[in-house]
Amino acid sequence: MFGLFRKSKPVKIRSSNDNKKYGVAAKDLKELIKKGCRSLQVPLPGVRVCLYSDGTEVTEDFFQTLPDHTELVLLSRNQTWSGVERDIAQLLTSDRHGDALIEAAKGLLSDDQSPKRRKILTDLLLNLDDTSELERRDEDEEWFKGVDARFKTKSAYMRFNCESRIRGYLKEVDDAPRTIQKVKVRAEFLKASQLLSEMLKTNKYNGSYFDRTEKEADRLCTQEGWFTCQGSFDQDVCQSLHSINPYGSRESRIVFSTWNLDHRIEKKRTIIPALLEALQSHRTADVNLTYFYRLLFTRENLKLVHIVCHKKGAHNLLCDSKRIFRKATNTEKGSQKARGKKRRLK
């Protein structure tokens, strides 16, 4: 009897395969299903109703607790609904909705005061306005604004960008001898620095790390140009799932410059001092320069990290003492024995 005096509840209802919504007012779930089937032209037998937000099925008791204007989905027999994520997935995987999604995000961004939502919308716009499929300067002049005219492709510039970072690490090695007092030690360090430089030149300063046209094993990005943060030096993965495609837009290219190639075992605090210490009492030929090269300039010790994941405090990781010096070959061991025997005979 109380149902006769129950107030109608206004809700919004839609089908699982159409974005169009209908306003319906109903006193109970039975009336809602009847009106919904009429509006959506869906056969009544087997129909169910669920929440648009997360797919929770609506019962009679649950219906009475819903706030006014709740968004609902009407499901025919055998249909399912997993929630709003389904709509988002369809939007992001379909080029058909791209322009509409960009305009909607811009509109929401102008009104939204939530810092979290603003960040999501900003990141969405940054990545949706994407021209990553374009490669040459004459195809995407906007991307190349501020880039030297000698670079004709995005990949060539990104390779140069990586080379510049690696060259910067080499310069720090080259600058280290200024603090060395002993002439002999300084000479050995300069020799080691020169050999490291030659190794880098042979490998083209490892510019392939940022070049999407390189082989998969030699680059840090996907073939489309997406880079993923590898997490801070003490983590296996990035907990925040940071990613960026600097090939996609000029803005992304600029933002990518804030990402770091971070040394797990630190360059200034650990690697260069360890090399200097090794040369205090040994010749360059005795030092395992290949090991130091890998620590200074390769992915063996470098991690690409978002600025948020770049921890600037001491890493407290040391070089492997067993790898600092070269292991003598059988020929070298034989020569050493011969020299020792010669000295004894004298």
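Count residues from 1 along the sequence. Computed from a predicted structure; not experimentally measured.
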**Student:** Quick one: are Ser240 and Val308 in side-chain contact, heavy atoms under 4.5 Å?
**Tutor:** no
**Student:** Taking the six-membered ring of Phe160 (Phe, Tyr or Trp), confirm whether the NZ or CZ of Arg150 is under 6.0 Å from its centre and within 45° of its axis.
**Tutor:** yes
**Student:** Do Tyr22 and Leu44 sit in the same hydrophobic cluster, where Ile, Leu, Val, Met, Phe, Trp and Tyr count as joined when their side-chain heavy atoms come under 4.5 Å apart?
**Tutor:** yes
**Student:** In the structure I gave you, are the side-chain heavy atoms of Arg48 and Glu57 within less than 4.5 Å of one another anywhere?
**Tutor:** yes
**Student:** Establish, from distance only, whether the side-chain atoms of Ser232 and Asp234 form a donor-acceptor pair under 3.5 Å.
**Tutor:** yes
**Student:** Could you give the distance from OG (Ser249) to CZ (Arg253), rounded to the nearest 0.5 Å?
**Tutor:** 9.0 Å
**Student:** Take the angle between the ring planes of Phe227 and Tyr247 and call it parallel below 30°, perpendicular above 60°, tilted in between.
**Tutor:** parallel
**Student:** Please determine whether the number of non-hydrogen atoms from other residues, nucleotides or ligands lying under 6.0 Å from atom CG of Asp138 exceeds 12.
**Tutor:** yes
**Student:** Does the pair Trp226 and Cys221 meet the rule for a side-chain contact (heavy atoms from CB on, under 4.5 Å), with working shown?
**Tutor:** CA-CA 5 Å; Trp226 280 98; Cys221 60; 5.8 Å; no
**Student:** Please say yes or no: joined through hydrophobic side-chain contacts below 4.5 Å, possibly via intermediate residues, are Ile180 and Leu190 part of one cluster?
**Tutor:** no
**Student:** Would you call the rings of Tyr157 and Phe151 parallel, tilted or perpendicular, taking 30° and 60° as the class edges?
**Tutor:** perpendicular
**Student:** Mind checking whether Ser252 and Asn245 have side chains closer than 4.5 Å, heavy atoms only?
**Tutor:** no
**Student:** Would you say the side-chain atoms of Asp320 pair up with the backbone N or O of Lys322, donor to acceptor, closer than 3.5 Å?
**Tutor:** yes
**Student:** Find out whether Arg136 and Lys152 are in side-chain contact, i.e. whether some heavy atom of one side chain is under 4.5 Å from a heavy atom of the other.
**Tutor:** no
**Student:** Can Lys35 and Glu31 be counted as an ion pair, charged N to O under 4.0 angstrom?
**Tutor:** yes
**Student:** Check whether any side-chain N or O of Ser155 sits under 3.5 Å from a backbone N or O of Asp211 as a donor-acceptor pair, and report yes or no.
**Tutor:** no
**Student:** Are side-chain heavy atoms of Lys154 and Trp143 found at a separation under 4.5 Å?
**Tutor:** yes
**Student:** Applying a strict under-4.5 Å side-chain criterion to I, L, V, M, F, W and Y, I'd like to know whether Val305 and Leu317 cluster together.
**Tutor:** no
**Student:** For Thr179 and Ala176, indicate whether the former's side chain and the latter's backbone hold a donor-acceptor pair under 3.5 Å.
**Tutor:** yes
**Student:** Output the distance between atom OG (Ser15) and atom CG (Leu40), rounded to the nearest 0.5 Å.
**Tutor:** 5.5 Å
**Student:** Can you give me the closest heavy-atom contact between Pro246 and Gly225, atom names plus distance?
**Tutor:** CD-O, 3.6 Å
**Student:** Throw together a table of side-chain donor-acceptor distances under 3.5 angstrom for residues 268-277, partners on residues two or more places apart or in other chains.
**Tutor:**
residue : atom : partner : partner atom : Å
Arg269  : NH1  : Glu266  : OE2          : 2.4

**Student:** Determine yes or no for a side-chain-to-main-chain donor-acceptor pair under 3.5 angstrom, with Glu60 supplying the side chain and Leu29 the backbone.
**Tutor:** yes
**Student:** Regarding Asp175 and Arg178, does a basic nitrogen lie under 4.0 Å from an acidic carboxylate oxygen?
**Tutor:** yes
**Student:** Atom CG in Asp28, atom NZ in Lys34: separation rounded to 0.5 Å?
**Tutor:** 10.5 Å
**Student:** Gln230 and side chain to side chain contact (heavy atoms under 4.5 Å, CB included): which single residue from Leu261, Leu304, Val237 fits?
**Tutor:** Leu304
**Student:** Could you tell me whether a side-chain N or O of Thr202 sits under 3.5 Å from a main-chain N or O of Glu198, the two making a donor and an acceptor?
**Tutor:** yes
**Student:** Is Arg167 positioned over the aromatic face of Tyr205, cation under 6.0 angstrom from the ring centre and no more than 45 degrees off axis?
**Tutor:** yes
**Student:** Does some side-chain heavy atom of Tyr52 sit less than 4.5 Å from a side-chain heavy atom of Ile13?
**Tutor:** no
**Student:** For residues Phe297 and Leu170, report the shortest heavy-atom separation together with the two atoms involved.
**Tutor:** CE2-N, 3.7 Å
**Student:** Checking the side chain of Lys9 only, and the main-chain atoms of Leu66 only, is there a donor and an acceptor separated by less than 3.5 Å?
**Tutor:** yes
**Student:** Does Glu216 come within less than 4.0 Å of Arg219, counting only side-chain N to carboxylate O?
**Tutor:** no
**Student:** Mind checking the OG1-NE2 spacing from Thr228 to His306? Nearest 0.5 Å is all I need.
**Tutor:** 12.0 Å
**Student:** Going by heavy atoms in the side chains, are Trp259 and Ile307 under 4.5 Å from each other?
**Tutor:** no
**Student:** May I have the step-by-step check of side-chain contact (heavy atoms from CB on, under 4.5 Å) for Ile324 and Phe292, ending in yes or no?
**Tutor:** CA-CA 8 Å; Ile324 289 177; Phe292 283 99; 4.0 Å; yes
**Student:** Minimum heavy-atom separation for Trp81 and Cys50, please, with both atom names.
**Tutor:** CB-SG, 3.7 Å
**Student:** Let me check something: do Met158 and Leu134 share a hydrophobic cluster, defined by ILVMFWY side-chain heavy atoms less than 4.5 Å apart, either directly or through other members?
**Tutor:** no
**Student:** Taking the basic N atoms (NZ, or NE/NH1/NH2) and the acidic carboxylate oxygens, is any pair closer than 4.0 Å for Glu188 and Arg283?
**Tutor:** no
**Student:** Which pair of heavy atoms, one from Glu214 and one from Asp218, lies closest together, and at what distance?
**Tutor:** OE1-OD2, 4.2 Å
**Student:** Could you walk me through whether Lys21 and Glu71 pass salt bridge (charged side-chain N to carboxylate O under 4.0 Å, His left out), step by step?
**Tutor:** CA-CA 8 Å; Lys21 301 171 187 176; Glu71 292 191 32; 2.8 Å; yes
**Student:** Side-chain contact, heavy-atom cut-off 4.5 Å: Arg137 with Val147?
**Tutor:** yes
**Student:** List the atom of Ala25, the atom of Ser8, and the distance in Å for their closest heavy-atom pair.
**Tutor:** CB-CB, 4.1 Å
**Student:** Nearest 0.5 Å, what's the OG-CD distance between Ser132 and Glu224?
**Tutor:** 7.5 Å
**Student:** Checking the side chain of His315 only, and the main-chain atoms of Arg264 only, is there a donor and an acceptor separated by less than 3.5 Å?
**Tutor:** yes
**Student:** Would Arg165 and Phe256 count as a cation-pi pair here, with the cationic atom under 6.0 angstrom from the ring centre and within 45° of the axis?
**Tutor:** yes
**Student:** Side chain of Asn301, backbone of His263: donor and acceptor closer than 3.5 Å?
**Tutor:** no
**Student:** Please determine whether side-chain contact (heavy atoms from CB on, under 4.5 Å) holds for the pair Arg14 and Leu74, giving the CA-CA distance in whole Å, both sets of side-chain angles, and the decisive distance to 0.1 Å.
**Tutor:** CA-CA 6 Å; Arg14 52 166 285 183; Leu74 200 71; over 6 Å; no
**Student:** Would you sort out whether Thr56 and Asp54 count as a side-chain hydrogen bond (donor to acceptor under 3.5 Å, both in side chains), showing the intermediate values?
**Tutor:** CA-CA 6 Å; Thr56 301; Asp54 62 8; 2.8 Å; yes
**Student:** When clusters are formed by joining ILVMFWY residues with side-chain heavy atoms under 4.5 Å apart, either directly or through shared neighbours, do Val11 and Val73 land in the same one?
**Tutor:** no
**Student:** Before giving the answer on side-chain contact (heavy atoms from CB on, under 4.5 Å), spell out for Leu32 and Val58 the whole-Å C-alpha distance, their side-chain angles and the decisive distance to 0.1 Å.
**Tutor:** CA-CA 11 Å; Leu32 171 67; Val58 176; 5.9 Å; no
**Student:** Which value, rounded to the nearest 0.5 Å, describes the distance between Lys7 atom NZ and Gln64 atom CD?
**Tutor:** 12.5 Å
**Student:** Run Asp286 and Arg326 through salt bridge (charged side-chain N to carboxylate O under 4.0 Å, His left out) and show every step you take.
**Tutor:** CA-CA 6 Å; Asp286 298 328; Arg326 292 177 60 244; 5.4 Å; no
**Student:** What residues, two or more places apart in sequence or in another chain, satisfy side-chain hydrogen bond (donor to acceptor under 3.5 Å, both in side chains) together with Arg212?
**Tutor:** Glu135
**Student:** Once ring pair (Phe, Tyr, Trp, His ring centres under 6.0 Å) is applied, what residue pairs with a partner in residues 53-74 remain, sequence neighbours excluded?
**Tutor:** none
**Student:** What closest approach, in Å, do Cys37 and Val47 show between heavy atoms, and which atom pair accounts for it?
**Tutor:** SG-CG2, 3.7 Å
